[in-house]
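In what follows, every heavy atom counts, from backbone to side chain, and hydrogens, waters and symmetry copies are set aside. By convention in this document, chain letters (A, B, ...) are assigned in the order of the sequence lines, proteins followed by strands, and residues within each chain are numbered from 1.
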Number of protein chains: 2
Amino acid sequence: MNLFERTGKIALGSRLRLLSSRMTDDATKIYRMYELELSPNWFPVLFILSQDGAKTITEIAEEIGHSQPSVTKIVKEMTKSALIAKHPYAQDKRRNMVALTEKGMAAAQHIIDVQCKDVDAAVDALLAQANHNLWEALAEWEFLLDQKSLFHRVNEQRKLRESQKVKIVEYSPEYKEAFKNLNEEWISKYFIMEKEDYKALDHPQEYILEPGGKIKVALYDNEPVGVCALIKMKDPEYDFELAKMGVSPKAQGKSIGYLLGKSVLEEAKKLGAKKLYLESNTVLKPAISLYQKLGFQKVAHRPTPYSRSNIQMALVIED
Amino acid sequence: MNLFERTGKIALGSRLRLLSSRMTDDATKIYRMYELELSPNWFPVLFILSQDGAKTITEIAEEIGHSQPSVTKIVKEMTKSALIAKHPYAQDKRRNMVALTEKGMAAAQHIIDVQCKDVDAAVDALLAQANHNLWEALAEWEFLLDQKSLFHRVNEQRKLRESQKVKIVEYSPEYKEAFKNLNEEWISKYFIMEKEDYKALDHPQEYILEPGGKIKVALYDNEPVGVCALIKMKDPEYDFELAKMGVSPKAQGKSIGYLLGKSVLEEAKKLGAKKLYLESNTVLKPAISLYQKLGFQKVAHRPTPYSRSNIQMALVIED
DNA sequence: TATATTTGCATAACTAGTTATATAAATATT
DNA sequence: AATATTTATATAACTAGTTATGCAAATATA
């Protein structure tokens, strides 16, 4: 069986490279057949100059999707072959206006009138023989990858898979140590532990659960890797505070924060909460964006026992 | 507008290269994300060794479609990373059996079990979003190009286009010189001019046309570039001999010989001929294959006035 | 107006492959 | 058995691009 059928889609890059090198090799032969003394890789530059007239090297590079040094090199070669001439640009001495010479124009005209037509016809005949249109498929991929890169897409898949291995469970005393450690880790990394922290982390039973709050624990391979608390508030406006969310840096990239948040939100809904509150600090950018993703929005400042808090957010729970 | 839409299919190679380099760049990032210390271009070697066990460098190169030096290089790098070990092969000291180490096996297993799955899922999702299936299209192109290369296909188109500029016309005295020159050119290149040649080439009117034969001339840009004669035979078996076919080397690659042959065959049919004959020499390989393409088949030797003739062919004209 | 930043281009060093060629071992031929 | 050819691998030189970096000119900013 074909290598690519065996490896699967992961070899798509290789497969494209192989086909493209095959085409490039044939291109060399094709150019030789038409007896124009030019190298196939000059074509994009030749074409763009024949259509758009004089251009700077940087403009050409942008237009044809090459790097600037690549165009510099091609222009140098084409200048040597007298297809191109450089014209200094009075208004801006850094720029070199690059334009086709008479010979260059003639070559471009010939290649466009004759060679392109033959190649077009040959490729069209090939496309007609195939069930799946390669040309259109390439255009679609360019478009889709512009919107979201392959890296981005693979990363999403990875997260999805990893997050399926994460289990969110109810707090029980066996997680007491994890609850403290996972929070202490980030708090002492960015700030310092405060009195209020010790109260809640050392005595979750008394300070969180008994007053009517909840704690959720994220397990990965049965190890606790994330925690999040829902703390009952004595406030006419808010029912609960989302707090003490900590995720192990070792377990990042598995959407654990999101899964914990979602689970806590569900819990709040079950408990009949109407509005949730949280406090954070703007240096914790990933946390803030997670809160936004969960639906929290910034609210005006209100008194807080934590000195690290410089942003407050709220979420209205919908039915 | 997109460059590729402007240039047309001639830039297919460029388009493939650009997409493949985009994929390769992302592949580097993807490999980094999975924190396996391996380079994406090692993958085909890693994969094939994990599936097929030990192999020589040349075997791997063949399997994955790379050149042997490319595999030598990859194997060297992978050996340095302790993924691969070389085992001398007792029966043949030139060979190096290359196999994965424990570490290599583990890396392969991980990449196949985890990374490939994520990439597969991401690519499948992409393919599902597109109307034209890139993966299938690539497979089809590989198959179609195996059958006939792009160069071959473009050459066919060029010939087709060029041959449309060729006009086949009836002989008239203005072409007398061309008739002689075009034949003398090839005869004196491969053989020497014989008495019979001078008779026919110096006096086409008397020796060919008046006895009931025909001469056709191929014009390109209104210049005679090819000639072919149909000579009446005094033979119970054959009606005409196809002879004195000459095409200018400058006008090759335009299917002129074929067009002349077809035209002469049509003429013979009009004249009620049942069977045609020709004599040639096996050194003239393109001519022999042209005659075969026209339908002529080799027949047993019969007396001939030409010393250069070492093959005889015949064609039965169908109604 | 002096200074900092940005821009356009050239150059160097790198990448991932290629073809051409050298060398030694194995195999075929005389 | 000696010699010629083929095969397996290594190495060198090339290709067509890339990124990184430096320099000078132009533009923005203090």
Side-chain angles (χ1 to χ4, degrees), chain A residues 11 13-29 31-32 38-46 54-80 84 86-98, chain B residues 11 13-29 31-32 38-46 54-80 84 86-98:
Chain A
S14 269
R15 192 169 209 172
L16 281 166
R17 192 189 54 71
L18 239 60
L19 186 60
S20 110
S21 86
R22 212 162 155 172
M23 307 280 296
T24 310
D25 290 352
D26 267 34
T28 311
K29 283 200 232 164
Y31 275 74
R32 203 173 294 140
L38 44 94
S39 160
N41 60 321
W42 296 353
F43 177 76
V45 174
L46 188 73
K55 268 193 183 309
T56 67
I57 285 181
T58 314
E59 284 169 347
I60 298 171
E62 216 150 89
E63 200 89 30
I64 69 174
H66 279 208
S67 64
Q68 164 265 311
S70 165
V71 175
T72 295
K73 198 175 153 197
I74 293 173
V75 163
K76 203 190 249 174
E77 290 166 7
M78 291 178 76
T79 308
K80 212 170 171 184
I84 268 183
K86 286 189 191 174
H87 306 286
Y89 183 63
Q91 287 100 305
D92 187 341
K93 284 171 196 164
R94 291 167 310 175
R95 293 186 205 192
N96 256 315
M97 297 307 284
V98 172
Chain B
S14 271
R15 191 168 210 174
L16 281 166
R17 193 188 54 71
L18 239 59
L19 186 61
S20 106
S21 87
R22 213 164 155 172
M23 308 278 298
T24 309
D25 290 353
D26 267 34
T28 311
K29 283 200 231 163
Y31 275 74
R32 204 172 295 141
L38 44 93
S39 161
N41 60 322
W42 297 352
F43 177 76
V45 174
L46 188 73
K55 269 191 181 314
T56 68
I57 286 182
T58 313
E59 282 168 350
I60 298 171
E62 216 151 87
E63 200 90 29
I64 70 173
H66 280 207
S67 64
Q68 165 265 311
S70 165
V71 176
T72 295
K73 200 175 151 195
I74 293 172
V75 163
K76 205 192 248 175
E77 289 166 6
M78 291 178 77
T79 306
K80 215 171 169 183
I84 267 182
K86 287 189 191 173
H87 306 286
Y89 184 64
Q91 287 99 309
D92 186 343
K93 283 171 197 166
R94 293 167 308 174
R95 292 187 204 191
N96 256 317
M97 296 308 282
V98 172

With sequence neighbours left out, what residues match A:Ser21 under side chain to side chain donor-acceptor pair (under 3.5 Å)? none
Qualifying residues under side-chain contact (heavy atoms from CB on, under 4.5 Å), relative to B:Pro40, sequence neighbours excluded: B:Ala27, B:Thr28, B:Tyr31
Taking for each residue the nucleotide of DNA chain D bearing the nearest heavy atom, is the 5' side occupied by A:Asp92 or by A:Ser39? A:Ser39
5'-most by nearest nucleotide on DNA chain D - B:Thr58 or A:Pro40: B:Thr58
Residues of residues 66-74 of chain B with any non-hydrogen atom less than 4.0 angstrom from an atom of DNA chain D: list those, numerically ordered, please. B:Gln68, B:Pro69, B:Thr72
Report yes or no: does B:Glu62 contribute a side-chain atom to a donor-acceptor pair with the main-chain N or O of B:Glu59 at less than 3.5 Å? no
A:Leu18 to B:Ile64 - nearest heavy-atom pair and separation: CD2-O, 4.4 Å
Among residues 18-26 of chain B, which contact DNA chain D at a heavy-atom distance under 4.0 Å? none
Can you sort out the partners of B:Lys73 under side-chain contact (heavy atoms from CB on, under 4.5 Å), two or more places apart, ordered by chain and number? B:Glu77
Residue pairs, two or more places apart or on separate chains, that pass salt bridge (Lys or Arg N to Asp or Glu O under 4.0 Å) and touch residues 87-96 of chain B: B:Asp92-B:Arg94, B:Asp92-B:Arg95
Tell me, please, the opening and closing nucleotides of DNA chain D, 5' to 3', among those with an atom under 4.0 angstrom from a non-hydrogen atom of chain B. D:dT7 to D:dG17
Restricting to side chain to side chain donor-acceptor pair (under 3.5 Å), what partner residues turn up for B:Thr72, sequence neighbours left out? B:Gln68
side-chain contact (heavy atoms from CB on, under 4.5 Å) involving A:Asn41 - partner list, sequence neighbours excluded: A:Ser39, A:Ile74
Residues two or more places apart in sequence or in another chain: which of them pass side chain to side chain donor-acceptor pair (under 3.5 Å) with A:Ser70? A:His66
Answer with base, sugar-phosphate or nothing: what part of the nucleic acid does A:Gln91 contact at a heavy-atom distance below 4.0 Å? sugar-phosphate
So, does A:Lys76 get its side chain near the phosphate of C:dC9, meaning an N or O under 4.0 Å from OP1 or OP2? no
Which residues share a salt bridge (Lys or Arg N to Asp or Glu O under 4.0 Å) with B:Arg17, sequence neighbours left out: none
Rounded to whole Å, please give me the gap between CD in A:Glu62 and P in C:dC9. 11 Å
Quick one: list whatever passes side chain to side chain donor-acceptor pair (under 3.5 Å) with A:Asp26, sequence neighbours left out. none
Side-chain N or O of A:Lys86 closer than 4.0 Å to phosphate OP1/OP2 of C:dA10: yes
